Number of protein chains: 4
Amino acid sequence: MTRQRAAGGEDGRRAATRLRLFGAAVEVIAEDGYAAATVEAIAERAGVAKGTVFYNFGSKDGLFTALLEHGIRQLAETMTRAAQAQESPLEALDAVIMAQLRFFEEYAAFARVLLTEMWRTAWQETIATLRREVLGVYADTLREAVIRGTVRADLDVETAATALFGMVLTTSIERRALHPTRPVEQLHATLVDLVHGRVADHLLSE
Amino acid sequence: MTRQRAAGGEDGRRAATRLRLFGAAVEVIAEDGYAAATVEAIAERAGVAKGTVFYNFGSKDGLFTALLEHGIRQLAETMTRAAQAQESPLEALDAVIMAQLRFFEEYAAFARVLLTEMWRTAWQETIATLRREVLGVYADTLREAVIRGTVRADLDVETAATALFGMVLTTSIERRALHPTRPVEQLHATLVDLVHGRVADHLLSE
Amino acid sequence: MTRQRAAGGEDGRRAATRLRLFGAAVEVIAEDGYAAATVEAIAERAGVAKGTVFYNFGSKDGLFTALLEHGIRQLAETMTRAAQAQESPLEALDAVIMAQLRFFEEYAAFARVLLTEMWRTAWQETIATLRREVLGVYADTLREAVIRGTVRADLDVETAATALFGMVLTTSIERRALHPTRPVEQLHATLVDLVHGRVADHLLSE
Amino acid sequence: MTRQRAAGGEDGRRAATRLRLFGAAVEVIAEDGYAAATVEAIAERAGVAKGTVFYNFGSKDGLFTALLEHGIRQLAETMTRAAQAQESPLEALDAVIMAQLRFFEEYAAFARVLLTEMWRTAWQETIATLRREVLGVYADTLREAVIRGTVRADLDVETAATALFGMVLTTSIERRALHPTRPVEQLHATLVDLVHGRVADHLLSE
DNA sequence: AATGAATGAGACTTCATTCAT
DNA sequence: TATGAATGAAGTCTCATTCAT
């Protein structure tokens with residue numbers, strides 16, 4: 001049982017170990033950040049020996065980079081799928097916000113890790129993927145809305161995309177920390193209200 | 001008795017050293033985070049000996065807590081002043097956003113530090129001040145708007161306050177990293193548009 | 001499973017390292033005391049890296065506690081064996097004194113460490129073992145002598161035990177420092193004379 | 001008031017400061033030993049600034065040496081006086097033991113300091129005084145007893161002196177730590193019994 | 001594929017000492 | 001005579017990494 005499927009093995013013993021290490025790493029790093037996390041603590045939580053981390057990822061840095069790539073890929077896929085399932089750009093925008101909220105609800109630890117590490121110069125290469133593929137979903141949606149004329153043509157789409165992503169990220173963490181039982185739907189409603197200008201809708205005549 | 005001191009004793013050799021250390025610390029910590037920053041590097045940048053940090057703050061942790069308190073107090077004062085100078089709540093909201101933007105433009109390093117460290121359980125006590133005094137300015141302004149009827153009564157004011165703060169924080173850092181020459185006024189316009197619902201204003205009929 | 005281990009597992013690479021560290025530590029600490037001894041010096045004398053001390057004992061304190069326990073256990077065993085091999089209580093007393101003298105002759109460094117550290121509040125828990133198991137041998141022997149009627153019934157046995165232990169300890173160190181070539185038998189004779197009242201034997205008629 | 005008595009001043013402000021520092025130092029050093037004691041803690045307990053220690057004694061070492069000399073001189077004087085007040089050598093011996101017990105009852109901290117530091121190579125010069133003047137009192141008394149024929153001529157007087165001093169020192173500390181309320185007279189009785197051979201007096205015929 | 005004892009560079013921290021006041 | 005801010009050498013301890021098993 002232990003050694004079959006020798007070639008092509010995307011699963012098997014080794015892949016299982018790697019996944020366990022991802023899970024342990026994201027939790028440990030979420031608690032005190034990458035620099036403060038120790039390989040020892042990660043290995044212990046994963047139930048393997050310290051040496052195993054180095055056998056599988058070469059270095060602490062290697063583990064973290066692989067973890068970031070793994071998480072970003074999943075987040076990007078989730079959000080892209082959500083955007084594609086919608087008809088109008090504004091519906092898509094709401095759906096993407098919801099997808100990001102749900103993803104961070106399930107992987108709250110990853111949200112923390114992203115927030116604290118995405119600005120470090122150290123992982124720029126990996127974070128570029130985030131900017132391209134995740135912020136890209138927001139940007140594409142907004143661009144589509146501009147094309148369809150449902151959003152003003154002079155909007156700074158890139159900045160708006162960052163603002164949206166940061167807003168959802170920040171409030172996801174805030175919710176987790178302060179109101180963990182509150183349903184995400186409620187948070188979604190508040191954010192969508194804010195973005196759609198429904199906050200002060202009767203002021204638009206001013 | 002040897003040297004008469006200005007009332008309140010906020011000067012003197014020791015206080016000057018502490019301020020120099022604040023400046024050095026925020027820069028060093030902004031670069032790679034609290035855990036990765038070394039006391040050695042901070043002391044060196046401040047032009048004092050390593051021991052001086054411990055003489056003045058007791059520990060690396062003590063320095064960081066004092067720094068957070070110092071920065072949060074200043075940010076809170078700036079934003080409060082901005083809010084008070086305005087007539088209507090919506091003007092106040094715009095002014096507060098602008099105040100936060102300008103503060104983070106001048107103290108960009110502090111923005112980075114806040115973003116990455118404000119969610120750690122380690123500094124919860126100090127961060128509570130942030131939540132009370134800084135997010136409080138947003139919340140108070142929104143509440144005033146609710147009272148005056150310019151904002152819907154059922155808005156989740158606390159969450160909206162966090163969303164606004166997080167949006168400004170995230171975009172401030174994004175701007176610094178990606179478009180450092182772009183004037184803050186432009187970023188302010190985008191954010192205000194987003195918040196006021198001017199992004200998709202002609203959609204409100206939908 | 002890789003290497004079968006002798007029952008009780010008191011060998012192996014790790015156990016050997018710990019023993020080497022005990023030997024080095026007792027020598028270094030004897031020279032200038034626990035507080036003045038450095039982990040660096042201990043590791044160097046043991047021929048291992050500094051980190052190895054912390055890997056094996058967790059802290060300087062942990063090393064010292066383990067060392068005290070190790071030494072006290074050995075001393076207690078030696079003295080207990082000596083007491084048991086004798087017929088009468090007074091022969092046992094002489095034998096125990098001799099056992100303590102010989103032990104401190106071989107492990108002179110440990111004698112120094114005991115004398116200087118056994119009164120610190122820091123190691124009270126470990127020192128309680130000394131009091132129970134080492135002073136206990138003296139106390140038991142004296143008590144047996146009381147029972148057999150060879151010693152006055154109103155003697156404060158506990159205090160006398162401490163006095164004997166302290167006397168042997170002090171003179172062992174004095175001998176080592178001032179007359180290292182003098183045989184222990186000579187010292188033993190003096191102490192036994194003192195204890196047996198042969199110092200001033202013809203005075204008893206007074 | 002502050003500056004009179006400029007010459008010959010064995011008292012005045014400076015001498016008072018020195019005495020306060022002796023008192024503080026002996027307490028602090030008794031707790032954790034010379035090496036672990038900090039000048040800061042000593043100064044604080046004495047109610048002066050740290051710099052004052054160095055102004056008065058030049059160094060931590062200087063303070064300790066002065067303290068040892070001060071204490072040893074007092075102990076020697078007390079014991080010498082006790083010996084001279086007696087008629088027979090054996091009465092003198094008892095009186096000296098009692099003097100040492102009483103001194104260590106009053107200056108328990110100094111007893112601890114002596115026990116732990118008197119064997120260090122660091123203070124050999126100062127400790128030589130102890131050996132000459134304090135152990136000397138025991139040795140002289142025993143020698144006088146030999147001359148008067150009340151003690152066997154072949155006794156190793158120097159070793160016996162050390163044994164007596166160490167016995168009193170050890171039991172003084174033990175008493176302080178374990179039975180602080182018990183009167184010294186009781187301890188004195190036990191020790192004198194031991195020394196006079198009254199422990200097993202009816203065995204001498206064996 | 002995995003382990004864990006050992007390492008050593010580098011971190012935080014302590015503290016005797018100096019010196020301007 | 002006394003102070004206390006500042007220093008920097010030296011100490012304890014952490015931890016990513018290596019390697020024999």
Side-chain angles (χ1 to χ4, degrees), chain A residues 2-3 9 12-18 35-43 48-63, chain B residues 1-3 12-18 35-43 47-63, chain C residues 1-3 12-18 35-43 47-63, chain D residues 2-3 12-14 16-18 35-43 48-63:
Chain A
T2 321
R3 262 179 303 174
R13 190 170 163 201
R14 181 150 186 185
T17 301
R18 291 173 63 99
T38 71
V39 174
E40 175 91 53
I42 293 170
V48 300
K50 199 169 18 164
T52 304
V53 175
F54 293 90
Y55 178 73
N56 278 281
F57 296 100
S59 68
K60 182 187 177 185
D61 213 279
L63 164 61
Chain B
M1 266 303 182
T2 317
R3 171 199 350 166
R13 192 174 169 200
R14 187 154 183 182
T17 301
R18 289 173 66 99
T38 72
V39 173
E40 173 95 54
I42 293 170
V48 300
K50 209 180 350 171
T52 303
V53 174
F54 294 91
Y55 178 71
N56 278 282
F57 297 100
S59 66
K60 183 187 175 186
D61 213 278
L63 164 61
Chain C
M1 264 304 184
T2 317
R3 172 201 350 166
R13 191 174 170 200
R14 188 157 181 181
T17 302
R18 290 172 65 99
T38 74
V39 173
E40 173 95 54
I42 293 169
V48 301
K50 212 181 346 172
T52 303
V53 175
F54 294 93
Y55 178 71
N56 278 281
F57 297 101
S59 66
K60 182 186 176 187
D61 213 278
L63 164 61
Chain D
T2 319
R3 261 180 302 174
R13 189 170 164 201
R14 181 150 186 186
T17 301
R18 291 173 63 100
T38 71
V39 173
E40 175 90 55
I42 294 170
V48 301
K50 198 167 21 163
T52 304
V53 175
F54 293 90
Y55 179 72
N56 277 281
F57 296 100
S59 68
K60 182 187 177 185
D61 213 279
L63 164 61

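Model, not experiment: these values are computed from the prediction. Residue numbers begin at 1 in each chain, while the letters A, B, ... track the order of the sequences. The analysis underlying the following values was restricted to heavy atoms, covering all of them including side chains, and did not include hydrogens, waters or symmetry mates.
Between B:Asn56 and D:Val53, the residue anchored closer to the 5' end of DNA chain F is D:Val53, taking for each the nucleotide with the nearest heavy atom.
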Using Watson-Crick or G-U wobble pairs with both distances under 3.5 Å, give me DNA chain F in dot-bracket, 5' to 3', with [ ] for crossers and | for pairs to another strand.
.||||||||||||||||||||

Taking distance alone, no hydrogens or angles, what donor-acceptor pairs closer than 3.5 Å link side-chain atoms of residues 53-61 of chain C to residues at least two apart or in another chain?
{"residue": "C:Asn56", "atom": "OD1", "partner": "C:Arg14", "partner atom": "NE", "Å": "3.1"}
{"residue": "C:Asn56", "atom": "ND2", "partner": "C:Thr52", "partner atom": "O", "Å": "3.0"}
{"residue": "C:Ser59", "atom": "OG", "partner": "C:Asp61", "partner atom": "N", "Å": "3.4"}
{"residue": "C:Ser59", "atom": "OG", "partner": "C:Gly62", "partner atom": "N", "Å": "2.9"}
{"residue": "C:Lys60", "atom": "NZ", "partner": "C:Tyr34", "partner atom": "O", "Å": "3.0"}
{"residue": "C:Lys60", "atom": "NZ", "partner": "C:Ala35", "partner atom": "O", "Å": "3.4"}
{"residue": "C:Lys60", "atom": "NZ", "partner": "C:Ala37", "partner atom": "O", "Å": "2.9"}

Reading nucleotides 8-13 of chain E from 5' to 3' and marking B where a protein heavy atom lies under 4.0 Å of the base, S where only the sugar-phosphate is that close, and - otherwise, the string is B-BSSB

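Contact annotation: C:Arg13 side-chain N/O to E:dA5 OP1/OP2 distance is not under 4.0 Å. An OP1 or OP2 oxygen of F:dA5 is reached within less than 4.0 angstrom by no side-chain nitrogen or oxygen of B:Thr17. Between C:Tyr55 and E:dA6 there is no side-chain polar atom (N or O) within less than 4.0 angstrom of OP1 or OP2.
Between the CZ atom of B:Phe57 and the P atom of F:dA6 there is a distance of 10 Å, rounded to whole Å.
To the nearest 0.5 Å, atoms OG1 (A:Thr38) and NZ (A:Lys50) are separated by 8.0 Å.
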